[in-house]
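I have placed the structure first, in the form of structure tokens, so that the comments after it can refer back to it.
Throughout, protein chains are lettered first and strands after them, A, B, ... in sequence-line order, and every chain is numbered starting at 1.
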Amino acid sequence: MSGDLAGLTLAQAAEAVRERRVSPVELTDACLEHIQAVEPRINAFIAVTAESAREAARQAADEIAGGNYRGPLHGIPLALKDIIDVQGVPTTAASKVRAGALPATRDGAVTERLDGAGAIVLGKLNLHEFAFGATGARSAFGPARNPWGTDRATGGSSSGSGASVAAGECFAAIGTDTGGSIRIPASLCGVVGLKPTFGRVSRRGVVPLSWSLDHLGPLARTVEDAAIVYQAVAGHDPEDASSSDQPVGDVMAGLRDGVKGLRIGLPDNFFFDALDADVEAAVGEAIQVLEGLGSTVGPVTLPLADELPAAVNAIMLPEALAYHHRTLKERADDYDPDVRYRLELGATFLAVHYVQAQRLREVAVGAWRSEVFDRFDIIATATTQTPAPPLDASDLGVTLGLIRLTNPINLLGLPAVSVPCGFTSQGLPIGFQLIGPWFREDVVLRAAHAYEQATEWHAKRPRL
Amino acid sequence: MPDDSQQDAAALARLAGLDLPSERRLALQLGLVTVRTAVHVLMERDYGEAEPADRFRPRPDR
């Protein structure tokens with residue numbers, strides 16, 4: 001029974017809770033039992049907060065029994081990447097640098113919103129140290145392992161977020177995305193990952209990697225599940241300087257409206273240059289599915305696409321070094337060697353490079369606004385060029401390939417989702433990236449949902 | 001042509017307040033190849049009157 005419960009989608013579990021067929025206590029116990037069973041192979045969690053989760057589940061059960069149902073996250077067990085503060089739990093960032101860190105004294109903004117929606121926090125999830133890497137292989141707690149092949153990387157940096165959702169340990173997870181760190185593990189682990197528009201989800205109470213590029217968002221088993229979590233955590237936060245005050249709107253209302261008439265742009269530059277053959281075939285078929293559902297597909301040349309990664313590096317690396325400067329001077333040996341190297345590389349950019357990169361971002365935003373999103377509603381690409389690499393592959397070498405199709409989107413701040421679209425001949429998941437205009441998460445989610453419902457990929461589960 | 005990139009790397013690290021041992025200066029020197037490619041891209045462009053990006057706004061027609 002417990003395994004059956006943990007295998008539900010978030011929406012199915014929420015419906016069962018709302019109808020009082022299942023209690024939050026049963027759901028939480030089912031997840032905790034499943035975590036205990038699979039963690040020795042997956043290592044997705046850094047901390048499991050079983051006691052507080054059970055207490056919160058009992059409270060949710062009492063509230064619901066008393067007629068105070070808060071909505072679709074009420075009583076639903078979730079987990080957060082361990083760079084997001086949860087009051088009473090240390091935030092480790094998967095680093096020895098934070099060994100002995102005191103428990104957080106306040107929830108991060110996203111944790112507060114989940115708590116307000118009645119969600120149950122199961123614990124803190126593994127990640128690539130300080131979110132500074134795309135494989136997920138470098139963690140002071142050992143790497144999370146891909147449920148589709150435990151000798152494979154999960155992708156990162158939200159490695160535990162991707163692995164835990166794919167393994168059915170929680171109904172959804174929160175990740176962060178500075179160069180692809182939600183979408184890459186979603187793609188490599190065969191789940192859905194949404195990076196909202198820059199500023200949509202507050203960064204307060206999150207260890208930064210790069211203030212200009214950091215985003216938060218959900219990973220979940222289905223697009224509907226991701227939309228439910230997004231709806232709960234998005235919105236203005238006056239305590240985050242980059243938080244947007246644009247109204248969020250109701251993304252659930254139009255989720256099932258389909259893609260008839262939607263204009264989909266297929267890049268004829270950069271994004272299809274170096275795809276693995278299995279990935280190219282799967283993405284090609286996915287685009288045909290959307291076309292078959294009534295959307296129109298046309299070629300688009302994406303402005304400045306070749307130059308955007310340079311600007312990402314010139315912003316991300318110096319900002320990361322600036323944040324870590326003191327600890328890097330005092331405790332350099334406590335960093336993972338590859339993470340330390342990336343931080344030190346931040347010193348080689350001059351101020352003029354950083355400013356030009358920020359100017360390029362402005363120029364690129366204007367060009368994409370006028371040349372891309374005046375003609376198209378959605379851009380379709382692969383999420384990653386390759387499937388999950390071996391866990392022992394060179395981290396620095398593999399990372400450059402993994403981030404190539406995602407990090408330009410961080411610079412532009414556009415909403416983008418990765419949705420499963422097939423498997424390689426070796427049985428590894430492939431992700432399909434749909435990118436929309438600023439603040440149009442509703443369009444991105446609607447297109448992804450239409451595709452998902454027309455295919456069976458999201459229903460496949462790894463054997464554990 | 002003499003390669004002064006290790007000294008460049010060490011000088012840049014010092015300017016950033018990092019006193020690196022020789023093996024790390026060597027690693028940084030190797031990374032400078034990638035960095036130079038990136039900064040060449042950034043420094044070749046004419047940005048006109050563009051100001052650094054601030055925050056993103058939705059399309060005005062929404």
Review point. Can you tell me how far OG1 of A:Thr327 sits from CZ of A:Arg340, rounded to the nearest 0.5 angstrom?
Key: 11.5 Å
Point to revise | Toward chain A, the part of B:Glu49 with a non-hydrogen atom under 4.5 Å | key: backbone
Revision key, fill the gap. Distance col, row A:Asn407:CG vs A:Thr178:OG1, nearest 0.5 angstrom, shows 10.5 Å
Point to revise | Side chain, backbone, both or neither of A:Leu321 within contact of chain B (heavy atoms, under 4.5 Å) | key: side chain
Exercise for review: Flag the pair A:His324 / A:Tyr335 as yes when their ring centroid distance falls below 6.0 Å, and as no otherwise.
Suggested key: yes
Point to revise | Options B:Arg24, B:Met43, B:His40, ranked by heavy-atom pairs under 4.5 Å with chain A, top entry | key: B:Arg24
Check your understanding: Does the B:Arg25 side chain pair with the main chain of B:Ala10, one donor and one acceptor, at a distance under 3.5 Å?
Key -> no
Check your understanding: Taking NZ, NE, NH1 and NH2 as the nitrogens, is one of them in A:Arg138 or A:Asp336 under 4.0 Å from a carboxylate oxygen of the other?
Key -> yes
**Study point:** Residue, of B:Ala11, B:Ala13, B:Ala16, that accumulates the most heavy atom pairs under 4.5 Å with chain A
**Key:** B:Ala16
Exercise for review: Go through A:Leu213 and A:Glu319 one step at a time and tell me if the side-chain contact (heavy atoms from CB on, under 4.5 Å) criterion holds.
Suggested key: CA-CA 10 Å; A:Leu213 302 169; A:Glu319 289 191 359; 5.5 Å; no
Review point. Does B:Asp8 come within less than 4.0 Å of B:Arg36, counting only side-chain N to carboxylate O?
Key: yes
Review point. Checking heavy atoms, do the side chain of B:Leu20, its backbone, both or neither come under 4.5 Å from chain A?
Key: side chain
Practice item. Step through the shown structure and confirm whether more than 12 heavy atoms of other residues, nucleotides or ligands are within 6.0 Å of CG on A:Asn269. Key: yes
Check your understanding: Which answer fits A:Leu400, side chain, backbone, both or neither, if we ask what part of it has an atom under 4.5 Å from a heavy atom of chain B?
Key -> neither
Exercise for review: Could you list which of residues 350-358 of chain A have a heavy atom closer than 4.5 Å to any heavy atom of chain B, in residue-number order?
Suggested key: A:Leu350, A:Val352, A:His353, A:Val355, A:Gln356, A:Ala357, A:Gln358
Practice item. Name all residues meeting the side-chain hydrogen bond (donor to acceptor under 3.5 Å, both in side chains) criterion together with B:Thr34; count only those two or more places apart in sequence or in a different chain, and write none if there are none. Key: none
Review point. Charged N to carboxylate O below 4.0 Å: is that the case for A:Arg203 and A:Asp237?
Key: no
Point to revise | A:Pro337, part contacting chain B, at a heavy-atom distance under 4.5 Å | key: backbone
Point to revise | Toward chain B, the part of A:Leu304 with a non-hydrogen atom under 4.5 Å | key: side chain
